[in-house]
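Below is one structure; the comments refer to it alone.
All values derive from a computational prediction rather than experimental measurement. In what follows, chains are A, B, ... by sequence order, proteins preceding strands, each numbered from 1.
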There are 2 protein chains.
Amino acid sequence: MHAGTTLARPSFKEQMLAAREEAIITAVNRLLAEKGFDAMTVDEVAAAVGIAKASLYKHFTSKEELAAAAMVRVLSRAQLFLDTVSSGLPPLDKLRAVVRWTLDLQLAGQMPALPSQNSSLRAVLLASRDYMDKLMAISDRLGGWIEAAQREGSINPQLPALAVLYTLYARGCHPVLGFLKAGGQHSDEQIAELVLGTCFDGLRAR
Amino acid sequence: MHAGTTLARPSFKEQMLAAREEAIITAVNRLLAEKGFDAMTVDEVAAAVGIAKASLYKHFTSKEELAAAAMVRVLSRAQLFLDTVSSGLPPLDKLRAVVRWTLDLQLAGQMPALPSQNSSLRAVLLASRDYMDKLMAISDRLGGWIEAAQREGSINPQLPALAVLYTLYARGCHPVLGFLKAGGQHSDEQIAELVLGTCFDGLRAR
DNA sequence: GTCTATAAATAGATAGAC
DNA sequence: GTCTATCTATTTATAGAC
């Protein structure tokens, strides 16, 4: 939130500040993954970080800003991951890799739940330049890969590209992962591969 | 909640009571679909029904009971729908019909959102005989159809039947529907067919 | 910036008259 | 059973000392 990224080398104090805010966001991120925005309380966040609630409000001006920071960080990490996806890969494999990344994040309990349609968080996110810019940038890159995959015939060309994009995003909050994990019958690796398979190949036999 | 289903013919008063409770559950159902359990308030429910909050508590003992009643009603309706699915249909088509039913419910804004992992509602549902019995009964019937479909080779036999079941359930809270609907590019019918297609056939070309 | 203490608003739930 | 009025606990957010 504070400008820790000036051009000059960050001072020790600034580094401490940045580290603390990282810790805050990490706690928020976990709580958002566990119980979602509405059920998460600022008291819990403060307790998890180990600081007073009032101190939290020196860093972030509201509960919504707190959550938004976590959402932005996830998007930033997604962008970093996109950068690591080999450009030589066929577009379908790139998309697979991205979905796999979101599944791993979920299995690690680090995927914040999407705000519900009517949440106060939603309005803040839609108004956040940072969040929307990152979301657009990610969507553009994925959209390019989707269309390339459709041109080469590896993704069903009859599907609207937007529908494909949303379907990929939806994997980020797929409750199936939690159910299967709670069942205890499968390893995380097996679960991820299962869901990845049903996403791209469907339930029907091929 | 109250026993409106005695063996004797229900009196006028009992019918009024049942109708009121139906109206309450309908309002709760819509609110659960719109914003989920955590964000829904009892005040909103009372306002939507047009009665005082205290009156609500004469019918249902807590917010959780209120929501549970709505969840149970959805399961009851699902059971009724299962009964109407022609027994002559191939198992894959039966499963398709069920998913289609849940998609229609969602598009109508009448599918209550699943409680988050850590919600107080979750505990109440797990402890509710009514809810769990219905859920088990539905799961058993769907499980039978899934296994039959796998035996005849129309559903991928390599997938664990439970994974298939959860995947079907997950369609009941698929955020893609909301996104596509908000986009305004497609009719409800098109959206339902799109999601149905990606569920059974996957994103990849066939 | 961090803390303790508290304000202000809202939530779920209940009392008691009718 | 329905209402108004109220209680109690919780929650977001802030004041003010250090």
Mind listing the N/O atom pairs, protein and nucleotides 5-10 of chain D, below 3.5 Å?
none

Can you tell which of [options] lies closest to the side chain of [X]?
X       : options                : result
A/Glu64 : D/dA13, C/dG1, C/dA13  : D/dA13
A/Arg20 : C/dT2, C/dA13, D/dT12  : C/dT2
B/Lys58 : D/dT11, C/dG16, D/dA13 : C/dG16

query: side-chain contact (heavy atoms from CB on, under 4.5 Å) with B/Ala70: which residues, sequence neighbours excluded?
result: B/Ile25, B/Val28, B/Asn29, B/Leu32

Whole-Å distance separating the [atom1] atom of [X] from the [atom2] atom of [N]:
X       : N      : atom1 : atom2 : value
A/Asp43 : C/dT10 : CG    : C1'   : 14 Å
B/Glu21 : D/dG1  : CD    : C1'   : 11 Å
A/Leu17 : C/dG1  : CG    : C1'   : 9 Å
B/Glu44 : C/dA11 : CD    : P     : 7 Å
B/Ile51 : D/dC3  : CD1   : P     : 6 Å
A/Gln15 : C/dG1  : CD    : P     : 14 Å
A/Lys13 : C/dT2  : NZ    : P     : 10 Å
B/Leu66 : C/dA11 : CG    : P     : 15 Å

query: Side-chain contact, heavy-atom cut-off 4.5 Å: B/Met40 with A/Asn118?
result: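 No, every pair of side-chain atoms sits at 4.5 Å or beyond.
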
field: ring pair (Phe, Tyr, Trp, His ring centres under 6.0 Å) contacts touching residues 11-47 of chain B (sequence neighbours left out)
entry: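 Applying ring pair (Phe, Tyr, Trp, His ring centres under 6.0 Å) to every pair that reaches into residues 11-47 of chain B, excluding sequence neighbours, yields nothing.
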
- prompt: For the residue pair A/Leu103 and A/Leu196, what are the closest heavy atoms and their distance?
  reply: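 Closest approach of A/Leu103 to A/Leu196: CD1-N, 4.0 Å.
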
- prompt: Can you check whether B/Tyr57 has a side-chain N or O nearer than 4.0 Å to OP1 or OP2 of C/dA13?
  reply: yes

- prompt: Is any side-chain N or O of B/Ser55 closer than 4.0 Å to OP1 or OP2 of D/dG1?
  reply: no

field: Gap separating the CH2 atom of B/Trp145 from the OG atom of B/Ser87, nearest 0.5 angstrom
entry: 9.5 Å

query: When we call it a touch if two heavy atoms are under 4.0 Å apart, what does B/Met40 touch: a base, just sugar-phosphate, or nothing?
result: sugar-phosphate

task: Any chance you could lay out the side chain to side chain contact (heavy atoms under 4.5 Å, CB included) test for B/Leu142 and B/Tyr169, step after step, and finish with the verdict?
output: CA-CA 10 Å; B/Leu142 291 180; B/Tyr169 281 159; 4.0 Å; yes

- prompt: Using 30° and 60° as the class limits, which term best fits the ring planes of B/Tyr166 and A/Phe179: parallel, tilted or perpendicular?
  reply: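 It falls in the tilted class, 30° to 60°.
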
